[in-house]
Amino acid sequence: MDNSYNKRRVGKAWEKVAEDYLREKGYLILMMNYRTRYSEIDIIAETRGFLVFIEVKYRRNISSGYPLEAVDIKKQHRIRNAALIYLSENGYDIDKTSIRFDVIGILGNKIEHIEGAF
């Protein structure tokens, strides 16, 4: 089996775990896997007056590093650009919309959610 396909399938499964986790916390999920030509945003949600762009990273163990470390400056920049496109395409007033960028790291079965990560 193609390794990239398998990674994508595993990633989708853990994004679903993150989605369920967020719903339990009261988040309204607006969109999953929003894609632009530059990047993808795993989850877009609303909570407590914020439009939240959420990156999900999963690691089975730490042999490849911790999941939260995978969201480096370059990845953050791509997510910000994709968020600007989403805001524009969906009629949000960028100056009047409270936005936040969160990261959910999943290591094994442990979920760590960083609100306002960048």
Side-chain angles (χ1 to χ4, degrees):
M1 178 184 294
D2 179 11
N3 192 33
S4 65
Y5 171 77
N6 192 39
K7 282 183 178 182
R8 188 71 205 129
R9 194 174 65 178
V10 168
K12 288 275 191 201
W14 287 103
E15 287 169 7
K16 176 65 174 135
V17 168
E19 175 188 8
D20 294 343
Y21 165 84
L22 291 167
R23 286 186 195 282
E24 287 178 20
K25 288 184 70 176
Y27 285 64
L28 173 64
I29 305 301
L30 301 177
M31 184 173 286
M32 299 287 294
N33 305 113
Y34 172 74
R35 292 180 190 270
T36 72
R37 61 188 267 205
Y38 305 106
S39 187
E40 176 184 353
I41 299 173
D42 294 327
I43 302 172
I44 301 172
E46 288 182 350
T47 188
R48 299 184 313 261
F50 284 92
L51 181 62
V52 188
F53 300 94
I54 304 157
E55 176 69 10
V56 178
K57 287 294 180 189
Y58 167 76
R59 296 289 186 267
R60 183 177 350 172
N61 56 50
I62 60 169
S63 65
S64 296
Y66 289 93
L68 297 175
E69 294 173 340
V71 187
D72 60 13
I73 294 295
K74 187 175 179 180
K75 180 72 171 174
Q76 292 172 24
H77 182 71
R78 288 195 305 263
I79 293 169
R80 282 189 187 105
N81 285 340
L84 287 172
I85 294 168
Y86 176 85
L87 292 166
S88 177
E89 286 180 349
N90 290 279
Y92 287 92
D93 183 335
I94 293 171
D95 295 324
K96 295 182 181 177
T97 304
S98 297
I99 65 169
R100 194 175 77 205
F101 296 93
D102 291 7
V103 178
I104 293 180
I106 305 172
L107 180 58
N109 290 320
K110 182 177 180 250
I111 296 174
E112 186 172 359
H113 180 190
I114 308 296
E115 296 180 1
F118 61 93

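The model shown is predicted, which means the values in this text are computed figures rather than measured ones.
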Discussion item. Are more than 12 heavy atoms, taken from residues, nucleotides or ligands other than D72, located less than 6.0 Å from that residue's CG atom?
Written reply: yes
Discussion item. To the closest 0.5 Å, what do you measure between OG1 (T47) and CG (L28)?
Written reply: 9.0 Å
Discussion item. Among residues at least two apart in sequence or on other chains, which ones pass salt bridge (charged side-chain N to carboxylate O under 4.0 Å, His left out) with R23?
Written reply: E19
Fill in: Rounded distance (nearest 0.5 Å) linking atom CD1 of I114 with atom CD1 of I54
12.5 Å
Worksheet item: How long is the gap from CG on L68 to CD on E55, to the nearest 0.5 Å?
Response: 10.5 Å
Donor-acceptor contacts, no H, no angles, side chain residues 91-101, under 3.5 Å, sequence neighbours left out:
unit_1	atom_1	unit_2	atom_2	d
D93	OD1	D95	N	3.0
T97	OG1	D93	O	2.7
R100	NE	D102	OD1	2.7
R100	NE	D102	OD2	3.4
R100	NH2	Y27	OH	2.8
R100	NH2	D102	OD2	2.8

Worksheet entry | Parallel, tilted or perpendicular, as decided by the 30° and 60° cut-offs, for the rings of W14 and Y58 | parallel
Discussion item. With a 4.5 Å cut-off on side-chain heavy-atom distances among I, L, V, M, F, W and Y, is there a chain of contacts connecting I44 to V56?
Written reply: no
Worksheet item: If you look at every heavy atom in A18 and I43, which pair is closest and at what distance?
Response: CB-CD1, 4.1 Å
Worksheet entry | Verdict with supporting geometry, F53 and Y34, side-chain contact (heavy atoms from CB on, under 4.5 Å) | CA-CA 10 Å; F53 300 94; Y34 172 74; over 6 Å; no
Discussion item. Any heavy-atom pair between the side chains of Q76 and V71 that's under 4.5 Å?
Written reply: yes
Discussion item. Would E112 and I104 count as a side-chain contact (heavy atoms from CB on, under 4.5 Å) here? Give the steps.
Written reply: CA-CA 6 Å; E112 186 172 359; I104 293 180; over 6 Å; no
Fill in: Side-chain (E69) to main-chain (Y66) donor-acceptor, under 3.5 angstrom
yes
Worksheet item: Could you state the interatomic distance from NZ (K16) to CG (D20), rounded to the nearest 0.5 Å?
Response: 3.5 Å
Fill in: K74 NZ: over 12 foreign heavy atoms closer than 6.0 Å
no
Worksheet item: Under the side-chain contact (heavy atoms from CB on, under 4.5 Å) criterion, do I79 and F118 qualify, and how do the steps go?
Response: CA-CA 10 Å; I79 293 169; F118 61 93; 4.0 Å; yes
Worksheet item: Quick one: do K25 and E115 make a salt bridge, cutoff under 4.0 Å?
Response: yes
Worksheet item: Which residue, K57, R60, K110, forms the side chain to side chain contact (heavy atoms under 4.5 Å, CB included) with P67?
Response: K57
Discussion item. Taking CD1 in I62 as the centre, count heavy atoms belonging to other residues, nucleotides or ligands within less than 6.0 Å. Is the count above 12?
Written reply: no
Worksheet item: Given the rule that I, L, V, M, F, W and Y join up when any side-chain heavy atoms are under 4.5 Å apart, are L107 and V103 in one cluster?
Response: no
Worksheet entry | Spatial distance of atom CD1 (I73) from atom NZ (K75) [nearest 0.5 Å] | 13.5 Å
Fill in: Verify same cluster id: Y86, I29 (apolar side-chain graph, 4.5 Å)
no
Worksheet item: Does L87 belong to the same Ile/Leu/Val/Met/Phe/Trp/Tyr cluster as Y38, with side-chain heavy atoms less than 4.5 Å apart forming each link?
Response: yes
Discussion item. side-chain contact (heavy atoms from CB on, under 4.5 Å), that's the test. Do I41 and R35 meet it? Break it down for me.
Written reply: CA-CA 7 Å; I41 299 173; R35 292 180 190 270; over 6 Å; no
